[in-house]
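Only one structure is covered here, and it is reproduced in the block below.
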Amino acid sequence: MRWWDIEPVLELEHELFPEDAWSAGMFWSELAHARGPQATRRYVVAEDAAGRIVGYAGLGAAGDLADVQTIAAARDQWGTGLGARLLTDLLRAATAFECAEVLLEVRVDNTRAQKLYERFGFEPIGFRRGYYQPGNVDALVMRLSDPATSLPPTFQHAVRSETHG
């Protein structure tokens, strides 16, 4: 993801998460840490054949811990495997960042996403009450130990990817 992707990403963000969408400033802040030798973030977008952004994902790393910051796929992409491809890219990044664990929060009412994370080996470890505001929706916290072992041996990338070095 680059700065010129922020506007189309925001459109998708507001469509998918109308109550708790990220702001442009939040994406700018994350992207500020996604490039160069001291990068601690990985943000990618997925485009369809026409160049429309149909998904995006982001990961933050600190020490040996990574956190999935965001992951989203356009509704017309649900069931196509795009979420799995985006998550695979983030887990590869966590491995490159030498992270031993990956954490994430997911809405308790988002069973589709929870099933995706479980397929990759994430396990529930707790709740964050009222995490998603202003809707006051709880978050299920999930953890994956050793992200390198949960990656499929080969996986075609459908994301526009740039190195973080």
Side-chain angles (χ1 to χ4, degrees), residues 1-3 5-34 39-48 52-94 97 99-145 147 150 158-160 164:
M1 183 185 301
R2 301 298 295 272
W3 67 266
D5 296 318
I6 292 176
E7 283 305 314
V9 163
L10 282 174
E11 289 176 23
L12 188 53
E13 175 84 359
H14 286 282
E15 177 188 325
L16 296 171
F17 310 110
E19 288 186 356
D20 50 9
W22 281 24
S23 68
M26 291 170 79
F27 281 107
W28 275 102
S29 177
E30 289 295 296
L31 290 180
H33 300 283
T40 59
R41 302 288 189 272
R42 167 80 169 163
Y43 277 78
V44 295
V45 297
E47 298 175 329
D48 65 11
R52 175 180 70 110
I53 290 179
V54 294
Y56 55 91
L59 177 99
D64 67 349
L65 183 64
D67 189 70
V68 173
Q69 301 292 311
T70 188
I71 187 168
R75 284 187 178 90
D76 66 343
Q77 300 295 309
W78 289 3
T80 66
L82 177 58
R85 290 189 297 274
L86 290 166
L87 185 55
T88 296
D89 189 88
L90 295 184
L91 295 179
R92 284 195 174 124
F97 283 129
C99 295
E101 291 184 326
V102 180
L103 296 174
L104 60 81
E105 294 89 14
V106 59
R107 290 173 62 109
V108 294
D109 58 0
N110 191 344
T111 55
R112 174 184 295 273
Q114 290 172 32
K115 287 178 182 179
L116 168 67
Y117 302 139
E118 288 169 357
R119 281 196 337 254
F120 277 77
F122 281 86
E123 298 176 332
I125 60 169
F127 294 94
R128 291 195 174 158
R129 302 289 177 208
Y131 182 78
Y132 293 99
Q133 295 296 325
N136 200 36
V137 177
D138 295 345
L140 174 64
V141 181
M142 301 181 82
R143 177 180 56 212
L144 173 67
S145 297
S150 70
V159 295
R160 187 172 72 222
H164 51 259

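As the structure is a prediction and not an experimental result, all values here were calculated from the model.
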By salt bridge (Lys or Arg N to Asp or Glu O under 4.0 Å), which residues pair with R112, not counting sequence neighbours? none
Does some side-chain heavy atom of D89 sit less than 4.5 Å from a side-chain heavy atom of R85? no
Just to verify, what does E30 make a salt bridge (Lys or Arg N to Asp or Glu O under 4.0 Å) with, not counting sequence neighbours? R41
With heavy-atom distances below 4.5 Å as the criterion, would you say the side chains of R42 and R92 are in contact? no
Where the side chain of Q69 meets the backbone of G58, is there a donor-acceptor pair that is under 3.5 Å apart? no
Should R2 and V45 count as side-chain neighbours, where that means a heavy-atom distance under 4.5 Å? no
Taking side-chain contact (heavy atoms from CB on, under 4.5 Å) as the criterion, tell me which of D5, V9, I71 meets it with Y56. V9
Above 12 or not: heavy atoms from other molecules or residues under 6.0 Å from CD of E123? no
Do V102 and F122 come within less than 4.5 Å of each other through their side chains, counting heavy atoms only? yes
Would you say R119 and L87 make side-chain contact, with heavy atoms under 4.5 Å? no
With sequence neighbours excluded, tell me which residues meet salt bridge (Lys or Arg N to Asp or Glu O under 4.0 Å) with D64. none
Side-chain touch I125/L103, heavy atoms, less than 4.5 angstrom: yes
Give me the ring orientation class for W28 and W3: parallel if the planes are under 30° apart, tilted from 30 to 60°, perpendicular past 60°. parallel
